[in-house]
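So the structure is just underneath, and the comments pick up after that.
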Amino acid sequence: MLDIQLLRSNPAQVAERLATRGASLDVAAFQALEDERKGLQVRTQDLQARRNALSKQIGQLKAKGEDTAAAMQEVAGLGDELKRNEEALADLLNRINAFVSVIPNLPHESVPVGQSEADNVEVSRWGTARAFAFAVKDHVDLGEALGGIDFDAATKISGARFTLMKGAVARLHRALAQFMLDTHTQEHGYTEVYAPYLVNGNSLFGTGQLPKFHEDLFHIKDDGYFLIPTAEVPVTNIVRDEIVDLAQMPLKFVCHTPCFRREAGSYGKDTRGMIRQHQFDKVELVRIETPEHSWAALEELTRHAEIILEKLELPYRRVALCTGDMGFSAAKTYDLEVWLPAQNTYREISSCSHFDAFQARRMQARFRNEKSKPELAHTLNGSGLAVGRTLVAVLENYQRADGSIDVPVALRPYMAGLELIEKA
RNA sequence: GGAGAGAUGGCCGAGUGGUCGAAGGCGCUCCCCUGCUAAGGGAGUAUAUGGGCUUAAACUCGUAUCGAGGGUUCGAAUCCCUCUCUCUCCGCCA
């Protein structure tokens, strides 16, 4: 949610900045709502003040046993208009709220301006793509040949965009998650969190998935729950409606969860393999920061994600998303893209974002500042990393000519020392 | 699933229709006193939002908020209804 004060005082400038990310703000519509609000609110509050004063007076008169008829008569005269005004105001505030709720965040000044993925800016590169002396296979061929991935079974059991893993590949998947959790907790200072996979609508509003992106979510209608599309939702909402003591800031959480996405609108995209699934595992980093430190924290968090790739010796690059390619709530986002030899390209494996106070304002997540006044926190999160896609990257980058897979050195302790995954 | 109890400010906890944004305590802030420490005295201390004033802040006048949403009433923390959550007991259960 944008700061309503900013929107009121400078709608044109807000519209201009939103335009850089391809979002249009109907300034005239907003101002019409605001003009109406102003008059209605002042009138309603005047009436309420008069009613309160009269009611108080009636109380005092009755206490003294005096006649209240005159006051009663005046207050009765207010009733109708007051009720109408209150209803109209409540309705109007709802409409304003709905209007503001679907406005995306403003891009940070450092974000490159652009319209689409094509305008994203590569920031850095790490590692070099391995030269293969044979024709590389993709993870689907590799996994199926190893007997470790069974897409047919997953399709039978559930449907399209699901994966079933077995044996050493399933274990590799688990090893990756464990490795990431251990690295972030032991080396990067994050607190491990186990969180619900079903959340309520308020949590999804807080992080910005609702009300606008309902169609991307799995909704358990019988109970009102939604399956989480990312651990960002339950973990960031830890601080919803909370005021964190300054001494406890910043909060750094890491959480491994499955993520569930309907992938509405991505028909025909990445249909092969496990790149784009309805269910996938992710290790998520979440930070609750003070505004002073939050921008440094984004760099740090992104580094923490990069270190996972470096420990796994997977070549990657860091990309600064342009204004037009960022998510709804983000002020700035870095994507990490891992090298996939079978696709001969880099593919997104992590997304690290800074939301400034946008999410915090939606969920009233605050900290007590130096003056011991509550102040909106800044929230950040990033994948560290998407486990399924990391598995894909390991299979493809570590493949041998015979289709077996070398286990990355960093993962061997998590694989009981196994060095090579061969056909089961 | 059945029966019952409950939800009040940063925390604890009073408050069953009127001057209650809310006693009291704790905590916190400032001041005083005490040559340190401990103890003591005084004052202050919710959030959101609107108007006024202002470059802004401060200030000031309002409004709303005692789990959420409705209702009764001139007036609701207090009465009624619905919902959510928490706790206790029973049942079921990994």
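By convention in this document, chain letters (A, B, ...) are assigned in the order of the sequence lines, proteins followed by strands, and residues within each chain are numbered from 1. Source: prediction; values computed, not measured.
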>> Return whichever of A:I4 or A:E86 has its heavy-atom-nearest nucleotide of RNA chain B closer to the 5' end.
In response: A:I4

> What is the ring orientation for A:H354 with A:W295, classed by angle as parallel under 30°, tilted 30 to 60°, or perpendicular over 60°?
Replying inline: parallel

> At their closest point, which heavy atom of A:P229 faces which heavy atom of A:Q209, and how far apart are they?
Replying inline: CG-CG, 4.2 Å

>> Could you tell me how far B:C93 sits from B:C79 if I compare only their P atoms? Round to whole Å.
In response: 40 Å

> Heavy-atom count around A:Q115 CD within 6.0 Å, excluding the residue itself: above 12?
Replying inline: no

>> On RNA chain B, does the nearest nucleotide to A:A76 precede the nearest nucleotide to A:D3 from the 5' side, or the other way round? Give the residue.
In response: A:D3

>> Would you measure the distance from the P atom in B:C80 across to the matching atom in B:A94 and give it in whole Å?
In response: 41 Å

> Taking any strand in view, what nucleotide pairs with B:A38 in a Watson-Crick or G-U wobble way, both distances under 3.5 Å?
Replying inline: none

> For atom C1', what is the distance between B:U16 and B:U72, given to the nearest Å?
Replying inline: 16 Å

> Should B:A58 form a Watson-Crick or G-U wobble pair with both distances under 3.5 Å, which nucleotide is its partner?
Replying inline: none

> Starting at CZ of A:R51 and ending at C1' of B:G18, how long is that distance when rounded to a whole Å?
Replying inline: 13 Å

> Over how many whole Å does the gap from A:D241 atom CG to B:U47 atom C1' extend?
Replying inline: 12 Å

>> Side chain of A:V75, heavy atoms from C-beta onward: which of B:U19, B:U47, B:C74 has the nearest atom to it?
In response: B:C74

> With both distances under 3.5 Å as the test, what is the Watson-Crick or G-U wobble partner of B:A22?
Replying inline: none

> Base, sugar-phosphate alone, or nothing: which one does A:R366 contact when heavy atoms must sit under 4.0 Å apart?
Replying inline: sugar-phosphate

> With rounding to whole Å, what would you report as the distance between B:U63 and B:U55 at their P atoms?
Replying inline: 28 Å

>> Please name the nucleotide paired to B:C87 by Watson-Crick or G-U wobble geometry with both distances under 3.5 Å, or report none.
In response: B:G4

>> Could you tell me the Watson-Crick or G-U partner of B:U45, where both distances fall under 3.5 Å? Say none if there is no partner.
In response: B:G27

> If we take the P atom in both B:G52 and B:G41, what is their distance in whole Å?
Replying inline: 46 Å

>> Roughly how many Å apart are B:G9 and B:A48, using the C1' atom of each and rounding to a whole number?
In response: 14 Å

>> Please report the distance, rounded to the nearest Å, between CG in A:N200 and P in B:C83.
In response: 18 Å

> Rounded to whole angstrom units, what separation is found between the CD atom of A:E375 and the C1' atom of B:A48?
Replying inline: 16 Å

> Rounded to the nearest Å, what distance is computed from the CD1 atom of residue A:I58 to the C1' atom of nucleotide B:A76?
Replying inline: 15 Å

> Separation of A:Q5 atom CD from B:A56 atom P, in whole Å?
Replying inline: 12 Å

>> Whole angstroms only, please: what is the CG-C1' distance between A:N52 and B:C20?
In response: 13 Å

>> Nearest whole Å is fine: how far is B:U19 C1' from A:L54 CG?
In response: 14 Å

>> Between B:C20 and B:U82, how far apart are the two P atoms, rounded to whole Å?
In response: 32 Å

> Going by an N to O cut-off under 4.0 Å, is there a salt bridge joining A:E337 and A:R389?
Replying inline: no

> Can you find a heavy atom in the side chain of A:F226 that is under 4.5 Å from one in the side chain of A:L210?
Replying inline: yes

> Pick from A:L314, A:V407, A:I421: which one makes a side chain to side chain contact (heavy atoms under 4.5 Å, CB included) with A:Y398?
Replying inline: A:L314

> NA contact type, A:K373, heavy-atom cut-off 4.0 Å: base, sugar-phosphate, or nothing?
Replying inline: sugar-phosphate

>> Do A:L7 and A:E34 make a side-chain contact, defined as non-hydrogen atoms from C-beta onward lying under 4.5 Å apart?
In response: no

> Heavy atom of residues 32-49 of chain A under 4.0 Å from RNA chain B: which residues?
Replying inline: A:R37, A:K38, A:Q41, A:V42, A:Q45, A:Q48, A:A49

> For the ring pair A:F328 and A:F358, is the centre-to-centre distance below 6.0 Å?
Replying inline: yes

>> Give me the distance, rounded to whole Å, that separates B:U78 from B:G18 when you measure between the P atoms they each carry.
In response: 12 Å

> Under the 6.0 Å and 45° cation-pi test, does A:R362 pair with A:F205?
Replying inline: yes

> A:A71 near the nucleic acid: base, sugar-phosphate alone, or nothing, with a heavy-atom cut-off under 4.0 Å?
Replying inline: nothing

